[in-house]
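To start, the structure under review is shown below, and the notes come after it.
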Amino acid sequence: MKVSKLVSFLNSKYPFKISSREPFKVLISTILSQRTRDENTEIASSNLFSKYTTPQAIADARLEDIESPIKPAGFYRVKARRIREISRIILRRFNGRVPSSFEELLTLPGVGRKTANCVLVFAYGKDALPVDTHVHRISNRLGLVSSRTPHQTEAKLKSVIPKRHWKPINAQLVQFGREICRPINPQCSICGLNALCQFRKKRLQIKQK
DNA sequence: AAAACGGGGGC
DNA sequence: GCCCCAGTTTT
């Protein structure tokens, strides 16, 4: 699989558009998006930010008043607790601003590699490449990488894909993974990349037997 | 390494 | 009604 082929395919089929670059909104929206479909993330995020706009407001809110608006995102109890704690930590320890280093972001509850990288690239324009299950699975199927963990996939992708293409990759591959390159029952027959795909080739060989 | 967290949507 | 889902933390 040639990287240039993949990039041009993704750019033509999944034009990239980011809604907010405000660090606090990016961070909270990304927390809400964990294990949650995009439509439900949007609703939950919109509900929450129409009620509270600042870290201070969320830090002072009652837990149940945070839980209620974010219910559509699922995991709403744990997410509400983490969102309020994140707001309090940001106020107390980071002078009211979302930290802009990977290490500091990882100290926030509910923030792992993927979420921290989303904040770095979408809010601060840094050279980060968030890797989730879709990116991990698809990169291996296409033969871009051969790795066991998302962390290894991230390192390999960054060495193979030019920096200027890193930002849209995650969102594009997630969308591609949802409708075509699914975890199970992948729609290989209608996939625009099937001629170049190792996974597709192996599936066909297996079917032959 | 596996479990737990969860409402919403596909089937 | 059953199963899965833009992760992270805890056991």
Side-chain angles (χ1 to χ4, degrees), chain A residues 10 13-21 23-49 51 63-90 98-99 102-123 128-142 145 147-155 157 165-187 190:
Chain A
L10 292 176
K13 205 156 194 303
Y14 306 103
F16 179 69
K17 190 69 184 169
I18 181 171
S19 50
S20 170
R21 290 163 209 268
F24 186 65
K25 286 190 177 175
V26 171
L27 172 57
I28 301 305
S29 300
T30 307
I31 295 281
L32 290 175
S33 80
Q34 292 166 0
R35 297 297 287 178
T36 303
R37 289 177 167 82
D38 215 21
E39 317 84 80
N40 296 331
T41 302
E42 295 284 344
I43 297 168
S45 178
S46 160
N47 286 348
L48 182 67
F49 286 116
K51 200 170 175 187
L63 216 42
E64 59 191 275
D65 292 332
I66 301 172
E67 289 174 354
S68 165
I70 69 171
K71 263 186 187 172
F75 297 121
Y76 62 91
R77 289 196 194 91
V78 60
K79 284 177 180 174
R81 186 160 28 82
R82 287 170 178 169
I83 285 170
R84 189 172 70 173
E85 186 58 21
I86 284 173
S87 301
R88 290 175 174 174
I89 293 173
I90 285 175
V98 175
F102 185 73
E103 291 73 18
E104 287 175 324
L105 285 164
L106 284 189
T107 67
L108 302 174
V111 177
R113 279 199 82 83
K114 189 263 183 182
T115 302
N117 278 322
C118 280
V119 173
L120 289 180
V121 65
F122 297 129
L129 203 168
V131 171
D132 50 52
T133 54
H134 285 297
V135 177
H136 180 55
R137 177 187 69 257
I138 296 168
S139 299
N140 276 287
R141 282 182 177 175
L142 295 177
V145 308
S147 53
R148 198 175 51 77
T149 68
H151 190 2
Q152 293 168 353
T153 295
E154 181 191 327
L157 282 183
H165 297 308
W166 290 2
K167 187 184 282 198
I169 288 284
N170 182 280
Q172 291 172 327
L173 285 186
V174 166
Q175 206 173 332
F176 176 58
R178 278 271 286 148
E179 58 186 54
I180 306 286
C181 198
R182 303 176 187 163
I184 57 176
N185 297 328
Q187 308 299 100
I190 59 167

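Predicted model only: the values in this text are computed from it and were never measured. Every chain is numbered from 1 and lettered A, B, ... according to where its sequence line falls, protein lines coming before strand lines.
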Does the side chain of A:T115 get closer than 4.0 angstrom to OP1 or OP2 of C:dT8 through an N or O atom?
yes
Determine, stepwise, if the pair A:T36 / A:K79 fulfils side chain to side chain donor-acceptor pair (under 3.5 Å).
CA-CA 12 Å; A:T36 303; A:K79 284 177 180 174; 3.0 Å; yes
With A:H136 as partner, the option from A:T153, A:V145, A:L173 fulfilling side-chain contact (heavy atoms from CB on, under 4.5 Å) is A:T153
Nearest-Å distance once atom P is located in both C:dT9 and B:dG8
25 Å
What's the shortest heavy-atom distance between A:S147 and A:N140, and which atoms?
N-OD1, 2.9 Å
Just the rounded figure in Å: distance from P of C:dT9 to CG of A:L105.
12 Å
Protein-nucleotide distance (A:I83, atom CD1; C:dG7, atom C1'), rounded to Å:
14 Å
From B:dC5, B:dG8, C:dA6, nucleotide with atom closest to A:D38 side chain
C:dA6
A:N117 CG to C:dT8 P, straight-line distance once rounded to whole Å
9 Å
Where the side chain of A:H134 is defined as all heavy atoms beyond and including C-beta, which of C:dA6, C:dT8, B:dG6 is the nearest nucleotide?
C:dA6
Could you tell me whether A:P150 contacts a base, only the sugar-phosphate backbone, or nothing, with contacts defined as non-hydrogen atoms closer than 4.0 Å?
nothing
Without decimals, in angstroms, what is the distance between A:R178 CZ and B:dG8 C1'?
11 Å
Reading DNA chain C from 5' onward, which residue's closest nucleotide shows up sooner: A:R82 or A:T41?
A:T41
Are the side chains of A:Y76 and A:I66 in contact, using a 4.5 Å heavy-atom criterion?
no
Nearest-neighbour nucleotide for the A:R37 side chain, B:dG6, C:dA6, B:dG8 considered
B:dG8
What's the closest nucleotide to the side chain of A:F75 if the choices are C:dG7, C:dT9, B:dG6?
B:dG6
B:dC11 versus C:dA6 - spacing of their P atoms, nearest Å
14 Å
If you only use heavy atoms from C-beta on, which nucleotide in B:dG8, C:dT9, C:dA6 is closest to the side chain of A:S33?
C:dA6
Which of the following nucleotides, B:dG8, C:dA6, B:dG6, is nearest to the side chain of A:D132?
C:dA6
Below 3.5 Å, does any donor atom in the side chain of A:R77 face an acceptor in the base of B:dC5, or the other way round?
no
Whole Å only: how far is the CG atom of A:L32 from the C1' atom of B:dG8?
15 Å
Checking A:K25 against A:F49: charged group under 6.0 Å from the ring centre and within 45 degrees of the axis?
yes
In whole angstrom, what separates A:K71's NZ from B:dG8's P?
8 Å
For A:L27, the option from A:V98, A:I83, A:L32 that meets side-chain contact (heavy atoms from CB on, under 4.5 Å):
A:V98
Please confirm whether the backbone N or O of A:T115 pairs with a side-chain atom of A:Q34, one donor and one acceptor, at under 3.5 Å?
no
Answer with base, sugar-phosphate or nothing: what part of the nucleic acid does A:I43 contact at a heavy-atom distance below 4.0 Å?
nothing
At under 4.0 Å between heavy atoms, what does A:V111 touch on the DNA or RNA strands: base, sugar-phosphate, or nothing?
sugar-phosphate
5'-most contact on DNA chain B (nearest-nucleotide basis), A:R182 vs A:R148, goes to A:R148
Taking atom P in both B:dA3 and C:dC4, compute the distance separating them and give it to the nearest angstrom.
14 Å
Separation of A:L106 atom CG from C:dT8 atom P, in whole Å?
9 Å
Are A:T30 and C:dA6 close enough that a side-chain N or O sits under 4.0 Å from OP1 or OP2?
no
Distance in angstrom units between A:Q34 CD and C:dT8 P, rounded:
5 Å
Would you say A:Y76 places a side-chain N or O within less than 4.0 Å of OP1 or OP2 belonging to B:dG6?
no
P atoms of B:dG9 and C:dT8, separation to the nearest Å:
24 Å
